[in-house]
Amino acid sequence: MLHTLKNRIVAVTTTAIVLASGLGLTVGSSTAFAASGNQYCTTGTVACLNAWNGGPFVNVYTAHGTSNNDFTLGYINSTQSYYLKYTGGGAWNGRCIGDAYNDPTINYTSLDTCPTETNSGGWGTNFTISTNCANDGFAFHNNHWNKWLKPGGSHNGDPFYFTSTTPVCFQDTNPA
């Protein structure tokens with residue numbers, strides 16, 4: 001499943017590059033990971049990742065298909081890690097979920113510099129993924145904290161933390 005996930009992300013990235021170059025390409029895919037416009041929400045409590053007020057903080061929002069809920073899941077081959085990039089527009093567009101204020105001692109989330117093949121990105125922006133969740137769900141394990149991403153509560157505005165010792169399952173609810 002994880003190998004398939006990597007291939008889907010590479011295919012989406014390749015498609016985005018081809019489209020950005022001005023070449024037309026039609027791709028039929030049922031993958032849950034599109035180039036942008038994805039909304040990641042926990043299963044059960046339905047706490048969605050939201051770049052609160054357009055960023056920089058990433059907090060809980062309980063409504064689907066709302067502004068600032070758009071994130072893109074990307075993959076770095078050189079580190080075999082994933083990142084979650086905010087793609088909802090505004091000043092913080094293109095930044096990734098990591099440690100607040102890019103501070104390695106703060107375990108709640110904000111948007112930081114994204115990792116690339118040659119740059120590790122901001123503190124806490126690198127993840128591994130577990131696909132041991134029901135209904136095609138997955139959990140984000142933070143490489144810096146060695147903990148799982150989880151909501152601090154189920155109310156709008158509650159922060160997300162890197163503190164769970166057990167996986168917290170998310171689903172791509174794809175609001176687009």
Side-chain angles (χ1 to χ4, degrees), residues 1-17 20 29 31-43 47-51 55-60 69-88 92-152 159-174:
M1 174 83 175
L2 197 53
H3 181 69
T4 302
L5 178 62
K6 289 179 201 174
N7 289 341
R8 289 178 180 171
I9 290 171
V10 170
V12 168
T13 303
T14 304
T15 301
I17 290 167
S29 175
T31 180
F33 302 101
S36 66
N38 292 356
Q39 176 175 272
Y40 298 97
C41 301
T42 58
T43 54
C48 301
L49 295 171
N50 185 280
F57 295 100
V58 179
N59 294 333
V60 170
N69 275 20
D70 295 342
F71 288 85
T72 298
L73 182 64
Y75 183 74
I76 304 294
N77 282 315
S78 60
T79 60
Q80 296 183 1
S81 61
Y82 293 86
Y83 58 86
L84 281 163
K85 182 189 291 187
Y86 173 58
T87 51
W92 291 91
N93 187 59
R95 301 284 182 114
C96 289
I97 294 176
D99 298 1
Y101 301 107
N102 197 30
D103 185 330
T105 65
I106 300 175
N107 65 1
Y108 59 90
T109 59
S110 74
L111 298 170
D112 296 324
T113 302
C114 292
T116 66
E117 291 293 336
T118 58
N119 178 345
S120 62
W123 283 104
T125 57
N126 292 276
F127 296 87
T128 55
I129 291 180
S130 170
T131 56
N132 292 329
C133 295
N135 301 321
D136 295 325
F138 42 91
F140 300 104
H141 184 263
N142 189 271
N143 295 353
H144 171 107
W145 289 98
N146 197 27
K147 305 272 184 184
W148 299 92
L149 179 65
K150 73 171 211 138
F160 276 89
Y161 290 95
F162 300 123
T163 58
S164 182
T165 56
T166 58
V168 175
C169 294
F170 287 77
Q171 287 187 300
D172 176 1
T173 61
N174 202 9

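None of these values were measured; they are calculated from a predicted model. In this chain, residues are counted from 1 in sequence order.
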Who pairs with T128 by side chain to side chain contact (heavy atoms under 4.5 Å, CB included), at least two apart in sequence or on another chain?
-> H141, N143
Just by modelled atom types, is the G124 backbone N or O under 3.5 Å from a matching donor or acceptor in the N142 side chain?
-> yes
Taking ring-ring contact (aromatic ring centres under 6.0 Å, His included) as the test, write out the residues that go with Y83, two or more places apart.
-> none
Across all chains, not counting sequence neighbours, the side-chain hydrogen bond (donor to acceptor under 3.5 Å, both in side chains) partners of S81 are T79, N126
Between F140 and Y82, does a ring-ring contact (aromatic ring centres under 6.0 Å, His included) hold up when you go through it step by step?
-> CA-CA 9 Å; F140 300 104; Y82 293 86; 8.3 Å; no
With W123 via side-chain hydrogen bond (donor to acceptor under 3.5 Å, both in side chains) - residues at least two apart = none
Just grab all the disulfide (SG to SG under 2.5 Å) pairs involving residues 104-134, residues at least two apart or on different chains.
-> C96-C114, C133-C169
Between Q171 and A134 the two heavy atoms that sit nearest each other are NE2-O, 3.9 Å
Atom NZ of K150 and atom CZ of F170: how far apart are they, to the nearest 0.5 Å?
-> 10.5 Å
Between K147 and T165, the two heavy atoms sitting closest are NZ-CG2, 3.6 Å
Could you pull out the closest heavy-atom pair between I106 and A100, with the gap in Å?
-> CG2-CB, 3.7 Å
Scanning both residues in full, the closest heavy-atom pair of F160 with L149 reads CB-CD1, 3.9 Å
Nearest-0.5 Å distance that lies between atom OH in Y108 and atom CG in D99 | 10.5 Å
Test item: N38 and L73 side chains (from C-beta on) under 4.5 Å apart, heavy atoms = no
Counterpart residues, side chain to side chain contact (heavy atoms under 4.5 Å, CB included), relative to S78 (two or more places apart) = I76, E117
Validation row: T43, N135 side chains within 4.5 angstrom (heavy atoms) | no
Nearest heavy-atom contact between C48 and N69 is CB-ND2, 3.6 Å
By side chain to side chain contact (heavy atoms under 4.5 Å, CB included), D112 pairs with (sequence neighbours left out) N102, S110, T125
Check ring-ring contact (aromatic ring centres under 6.0 Å, His included) between Y161 and all other residues, then give those that pass, not counting sequence neighbours.
-> none
Just checking, is any N or O donor in the side chain of N59 or N50 under 3.5 Å from an acceptor N or O on the other one?
-> no
Do T163 and W145 have side-chain heavy atoms sitting under 4.5 Å apart?
-> no
Sidechain-backbone polar pair: T109 side chain, V58 backbone, donor-acceptor under 3.5 Å | yes
Residue set satisfying ring-ring contact (aromatic ring centres under 6.0 Å, His included) with W92, at least two apart, ordered chain then number -> none
Please identify each residue that fulfils ring-ring contact (aromatic ring centres under 6.0 Å, His included) with Y86, with sequence neighbours left out.
-> F71
The reported gap from CG in L111 to CD1 in I97 (rounded to nearest 0.5 angstrom) is 6.5 Å
Taken in chain and number order and not counting sequence neighbours, the residues that satisfy side-chain hydrogen bond (donor to acceptor under 3.5 Å, both in side chains) with T105 are D103
Closest contact, heavy atoms only, V168 versus W148 = N-CB, 4.4 Å
